[in-house]
Every structure is written in structure tokens, then in C-alpha cells.
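Here's the structure we're looking at; comments come further down.
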Amino acid sequence: MIKLLATLLGLSSLSAFAAGPELPNMSKSDLEKVSNEFANNFSHTAVAAPETDGLWGLEIGLIAGQTGSPKLADLIDRAGEDGSEFKNLYHAGLMGRAHFPLDLFVELSVLPEKELADVTFENTSLGLGWNAGAHFGLPLDVALGYNMSNTDVSFKQTINNSSTAFTDVDSTINFAAKTSVYWLGVSKTLAIVTPYVKAGVAKSESDAEVTGSSTATIFTFTSNQKENVSSSGGYLAAGANLQLALFKMGLEASQTIGVKRISAKLSLDF
């Protein structure tokens with residue numbers, strides 16, 4: 001797990017985005033699928049069991065992981081480019097988690113604005129929850145929670161199609177994405193390991209915009225340069241946290257609106 005986390009943290013620069021994907025002309029269905037992958041790559045996770053151990057608690061650390069993006073890879077392949085570099089998207093950030101009296105907890109994850117070659121990205125996410133299992137003295141931690149995230153990803157691309165009269169126009173493509181998840185989670189601490197499962201419903205919404213000229217666009221279904229798309233579906237996550245003195249490690253696999261992701265965590269737990 002430590003090796004996986006170190007590898008993923010090494011990708012916290014999102015170096016896979018360094019050159020930026022070259023997106024072809026997209027139908028509305030294409031836009032919905034790709035936007036959903038971008039949005040859920042950065043959706044909230046603290047790789048945390050829905051537990052509240054004690055009256056107060058504080059955890060700070062790092063999170064990183066990768067998300068399968070087959071729709072993005074297929075779209076780039078279809079345009080005659082090499083989509084193999086975009087079969088996975090990557091996420092990373094600083095995380096914090098605290099729990100309070102009444103078994104309430106709050107989680108925060110932040111990736112400050114970062115520019116790498118032709119790509120700029122930033123992400124902020126928040127999670128809120130209540131551990132009803134601990135509050136009522138049940139043998140399991142049973143929690144209700146809500147997660148939300150805001151993400152901006154933009155990259156430069158030269159557009160040459162009918163919207164530019166088939167001349168090269170340097171443009172910027174931006175995805176401003178929001179996700180929200182309502183979930184029910186269950187966990188149980190067994191010595192130093194706490195496995196957990198969460199299930200719920202999710203929604204992602206993205207504004208995709210092309211800037212750089214008054215006419216350039218990559219959308220085949222409209223002449224607009226900005227479009228809003230959304231997706232909704234199920235959410236399922238399963239993972240485990242390992243506590244070693246003040247150090248905590250975590251690993252989580254999840255699927256949100258059909259997008260599969262794996263995330264790892266290394267933190268200090270007080």
C-alpha cells in the first residue's frame with residue numbers, strides 16, 4: 001500500500017495531463033461521458049471509514065489515486081490520436097478530517113491551483129456526516145453522509161474544423177465540474193484495521209467551454225462555445241484503514257455513476 005501511495009503521490013502533479021488531451025469534435029453523448037469522468041475523478045474522498053473514535057479527533061494527510069477513463073481514451077482514439085495515455089486520470093490532494101461531540105464529522109480535501117505545461121487544474125471537496133451507530137451505542141458504526149466537490153480543469157488545444165473555417169485557432173478548453181453524493185456507510189474496527197462500505201446516489205454537473213476566438217468550438221450538436229451537461233447514478237465504495245500508532249493508511253475502491261476509481265491515503269491521526 002505504501003508503494004502504491006508513493007507512486008500515486010508522485011503523480012500528484014497530474015503529469016499524465018502535461019501535454020493535454022487533443023479532443024475531437026464531440027456529440028452531446030461524448031461530452032456527457034467525458035465530463036462525467038473528469039468530474040468523478042476529482043469527486044470527494046477522504047479514504048475514511050465512517051467512524052468517530054472518541055469525543056474529539058483530528059486527522060491530516062495526503063490522498064492520491066487513479067480513475068479509469070475509457071470514454072476519454074476511446075474518444076481520442078476515434079480522432080486518430082493515441083488514447084492509451086488517457087486510459088486513466090489521476091487525482092491527489094491534501095486532506096483533513098475531524099469529528100466532534102454528537103458523533104458529527106467533517107472532511108476536507110484540497111488541491112490548490114496548479115499549472116503544468118498546457119494544463120491548469122484545481123479542486124476543493126467537502127464531506128459531512130453523522131455516525132448514528134456510535135451515537136446510539138450500536139455494535140457497528142452506521143453513518144449518514146453528504147459529499148460535494150468543485151473542480152476546474154483547463155488545457156490548451158489548437159482547433160481546426162468548420163467552426164474555424166478549417167484554419168488553426170489556438171483555444172482553451174475548460175471543464176468546471178461539480179459532484180454531490182448522498183450515502184449510507186457501515187464500518188467496524190477490528191484491532192488495528194477498520195473495513196468499511198458506503199452506498200448511495202450521486203450527481204455530476206459540468207460546464208464545458210471553449211475560449212480563444214469568437215467562433216471556435218468542438219461541439220457537433222450546437223454552435224455554442226459553452227454547454228452544461230449532467231449525469232446521475234449510483235455510488236458504491238469499499239475500503240479499509242490501518243492504524244499504526246499515530247499513522248493511518250487507507251485504501252479505497254469506488255464506483256460513481258459508472259466511473260471506477262482507486263484511492264490511497266497516508267495521514268496522521270490524533
Side-chain angles (χ1 to χ4, degrees), residues 11-43 66-93 111-124 149-179 203-232 257-259 261:
L11 292 166
S12 62
S13 63
L14 303 193
S15 57
F17 280 143
E22 288 288 327
L23 295 178
N25 295 337
M26 294 193 293
S27 67
K28 188 169 186 178
S29 176
D30 292 332
L31 180 60
E32 288 171 346
K33 292 172 182 176
V34 170
S35 296
N36 188 47
E37 289 179 341
F38 275 120
N40 285 299
N41 176 59
F42 291 101
S43 62
Q66 70 177 33
T67 302
S69 51
K71 304 302 181 184
L72 176 60
D74 288 347
L75 188 63
I76 294 172
D77 279 338
R78 205 169 71 210
E81 303 291 336
D82 182 8
S84 61
E85 294 183 2
F86 298 95
K87 288 183 177 180
N88 292 295
L89 301 175
Y90 298 92
H91 59 275
L111 176 65
E113 183 175 311
K114 189 174 182 65
E115 185 174 356
L116 212 179
D118 292 335
V119 184
T120 302
F121 43 86
E122 64 178 319
N123 172 251
T124 302
S149 67
N150 288 281
T151 305
D152 280 289
V153 177
S154 62
F155 48 90
K156 297 177 182 179
Q157 178 173 321
T158 299
I159 296 177
N160 183 324
N161 57 27
S162 59
S163 72
T164 65
F166 297 101
T167 60
D168 289 347
V169 174
D170 292 334
S171 305
T172 299
I173 299 174
N174 177 259
F175 289 88
K178 297 180 180 180
T179 63
K203 180 179 180 179
S204 70
E205 183 176 0
S206 299
D207 287 323
E209 184 175 14
V210 181
T211 61
S213 85
S214 60
T215 61
T217 185
I218 57 172
F219 309 134
T220 61
F221 57 97
T222 178
S223 60
N224 294 339
Q225 292 182 296
K226 184 176 182 178
E227 285 294 321
N228 176 272
V229 291
S230 62
S231 300
S232 59
I257 318 178
V259 177
R261 181 175 72 171

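We're numbering straight along the sequence, starting at 1. On a predicted model such as this, the values are computed, not experimentally measured, just so you know. Atoms considered below: every heavy atom in the structure, side chains included; atoms not considered: hydrogens, waters and symmetry mates.
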[atom1]-[atom2] distance between [X] and [Y], expressed to the nearest 0.5 angstrom:
{"X": "Ser206", "Y": "Leu31", "atom1": "OG", "atom2": "CG", "value": "7.5 Å"}
{"X": "Asn41", "Y": "Phe121", "atom1": "CG", "atom2": "CZ", "value": "11.0 Å"}
{"X": "Glu122", "Y": "Asp152", "atom1": "CD", "atom2": "CG", "value": "5.5 Å"}
{"X": "Ile218", "Y": "Glu209", "atom1": "CD1", "atom2": "CD", "value": "11.5 Å"}
{"X": "Glu37", "Y": "Leu72", "atom1": "CD", "atom2": "CG", "value": "6.0 Å"}
{"X": "Phe38", "Y": "Lys71", "atom1": "CZ", "atom2": "NZ", "value": "15.0 Å"}

Testing the basics here: between [X] and [Y], what is the closest heavy-atom pair and its distance to 0.1 Å?
{"X": "Ser163", "Y": "Ile159", "result": "OG-CG2, 4.4 Å"}
{"X": "Phe221", "Y": "Lys28", "result": "CD2-N, 3.2 Å"}
{"X": "Gln225", "Y": "Thr217", "result": "CA-OG1, 4.3 Å"}
{"X": "His91", "Y": "Gln66", "result": "CE1-N, 3.5 Å"}
{"X": "Val210", "Y": "Ser171", "result": "CG1-CB, 4.1 Å"}

**OP:** Verify the distance criterion only: is there a donor paired with an acceptor across the side chains of Asp170 and Thr158 at less than 3.5 Å?
**Re:** yes
Original post:
Is the closest side-chain donor-acceptor distance between Thr151 and Asn123 under 3.5 Å?
Top reply: yes
Original post:
Counting distance only, does the side-chain N/O of Asn36 pair as donor-acceptor with the main-chain N or O of Ile257 below 3.5 Å?
Top reply: yes
Original post:
Any ion pair linking Asp30 and Arg78 (charged N to carboxylate O, less than 4.0 Å)?
Top reply: yes
**OP:** Going by the side-chain contact (heavy atoms from CB on, under 4.5 Å) test, name the single residue among Thr179, Val259, Val229 that passes it with Ser204.
**Re:** Thr179
Original post:
Under a 4.5 Å cut-off applied to non-hydrogen side-chain atoms, are Ser230 and Lys203 in contact?
Top reply: yes
